[in-house]
*Asks:* 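Sending over a structure as structure tokens; questions will come in a sec.
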Amino acid sequence: MLMSRRIVFVFLALVLALGGCQLDTGVKVIKMGHAQVVSHPVHQAMVFLGKRLEEKSGGKIKVKVYPNQQLGTERELLELLQIGSVGMTKVSAASLEAFSPEISVLGLPYLFRDDAHITQVLEGEIGKELLLSTEKYWLRGLCFYDAGKRSFYSKTKPIATPADLTGLKVRVQESKMAINMVRGMGGSPTPVSYGELYTALQQGIVDAAENNPPSFYNSRHYEVCKYYSIDEHTAIPDVVLVSTKVWSELSPEEQVWLQEAADESAVYQTKLWKEAVEEALREVQKAGVEISYPSKEPFLEKVAAVYAQVFQDQKQLEALVQRIQQTKK
Ligand code: GCU
């Protein structure tokens, strides 16, 4: 399975050749790959980004969006951006951890006070620094998309307290921070790519996972996991990125159009998000999922140990966490 994925990946890398190619007609087409399904609000936002860029450029630049891991997992997509075979992507900030230790900070549990705090941090200086922190690895962040809050879902029982995670194999994103977080909460973390998670849950390779409501719903994981416990342990945003190879081939004017189109798509995505969360919760409940709202206290009690473990490995994150905590309006 792993082998065939790798072959397909290398094959695609060769076939795709260039992430932003100029056709004979003089029209530039930027390939944008991502891991989500088309019904998810982030896909709709990326299509909107393409539409706005096409309008701003008078039809000279187009974006072709490839959903569903068609071009690779988030990790593979980032590698394809680095070599310029794919021009743009949208990944979870967790997937950027290998390229920017700073950005992994967003995966710390209960890092933000509330939604306003998230906006203040991501739209302020820290957000700008984080978006550009991967540029030295040929990945330029353009904007954040809202990815709400992540909560546990399980095949066997509600997760009312961290003790319920004991003995459970919990799927995590391919991120050391996520591994530390779930281990610190008491579960056994198992990294699996998003596109392979449905089968992993179905076959019992993992017993549980965690995500925001639109992803839980659109990925159809709710068909297998009938318990969704809204503990909202993390608020990891998504990031829209462009390969610096493609970015540097754009004229200054085209760069402005792309940045504006990305920013406008982020505003659009935020609007879609709230509705998508409500719809997801309504639909999964209709499908027989038991939704619970556990007290956050016992989860918060585990946080200090998780932070201590993370700071032990990455001392430099301590100052960044302090800056985030001190961020106010
Ligand atoms: C969220 C995020 C995706 C990511 C997924 C995951 O849905 O938006 O980019 O792939 O989480 O858990 O892997």
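We count ligands from 1, going down the list as the structure has it; atoms in each ligand are counted the same way.
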*Asks:* Does E210 have a non-hydrogen atom less than 4.0 Å from ligand 1?
*Replies:* no

*Asks:* With backbone taken as N, CA, C and O and side chain as the heavy atoms from C-beta onward, which portion of S215 lies under 4.0 Å from ligand 1: side chain, backbone, both, or neither?
*Replies:*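 The part of S215 near ligand 1 is the side chain, not the backbone.
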
*Asks:* For atom 8 (O) of ligand 1, which candidate among V91, D238, V192 provides the closest heavy atom?
*Replies:* D238

*Asks:* Parallel, tilted or perpendicular: which fits the ring planes of F216 and Y228, with parallel below 30° and perpendicular above 60°?
*Replies:*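 Tilted: the ring planes of F216 and Y228 meet at 30° to 60°.
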
*Asks:* Hey, which atoms in ligand 1 end up nearer than 4.0 Å to a heavy atom of K90?
*Replies:*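 What qualifies from ligand 1 is 3 (C), 8 (O), 9 (O).
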
*Asks:* Looking only at heavy atoms, is any part of R171 under 4.0 Å from ligand 1, and if so is it the side chain, the backbone, or both, or is it neither?
*Replies:* side chain

*Asks:* Identify the residue among R171, Q36, H34 that makes a side chain to side chain donor-acceptor pair (under 3.5 Å) with Y194.
*Replies:*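 Only match with Y194 under side chain to side chain donor-acceptor pair (under 3.5 Å): Q36.
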
*Asks:* Between R323 and E129, is there a side-chain N and carboxylate O pair less than 4.0 Å apart?
*Replies:* yes

*Asks:* Using a strict 4.0 Å threshold on nitrogen-to-oxygen distance, state whether K28 and E254 make a salt bridge.
*Replies:* yes

*Asks:* Taking 4.0 angstrom as the limit and counting only heavy atoms of Q36, give me the atoms of ligand 1 inside it, by number and element.
*Replies:* 7 (O)

*Asks:* E74 to ligand 1: N or O pair under 3.5 Å?
*Replies:*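 Yes, since at least one N or O of E74 sits under 3.5 Å from an N or O of ligand 1.
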
*Asks:* What I want to find out is whether D115 reaches K149 closely enough, with some N-O distance under 4.0 Å, to be called a salt bridge.
*Replies:* yes

*Asks:* Tell me the protein heavy atom at minimum distance from atom 11 (O) of ligand 1, and give that distance in Å.
*Replies:*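 Result for atom 11 (O) of ligand 1: R150 NH1, 3.0 Å.
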
*Asks:* Does even one non-hydrogen atom of H34 get within less than 4.0 Å of ligand 1?
*Replies:* no

*Asks:* Look at ligand 1 and say whether H40 reaches it with a heavy atom at a distance under 4.0 Å.
*Replies:* no

*Asks:* Would you call E264 and R52 a salt bridge, taking side-chain N to carboxylate O under 4.0 Å as the test?
*Replies:* yes

*Asks:* Counting only heavy atoms, which portion of N211 has something under 4.0 Å from ligand 1: side chain, backbone, both, or neither?
*Replies:* side chain

*Asks:* Would you mind reporting whether L142 and M88 have side-chain heavy atoms less than 4.5 Å apart?
*Replies:*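 Sidechains of L142 and M88: in contact.
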
*Asks:* Flag the pair R75 and E79 as a salt bridge only when some basic side-chain nitrogen lies within less than 4.0 angstrom of an acidic carboxylate oxygen.
*Replies:* yes

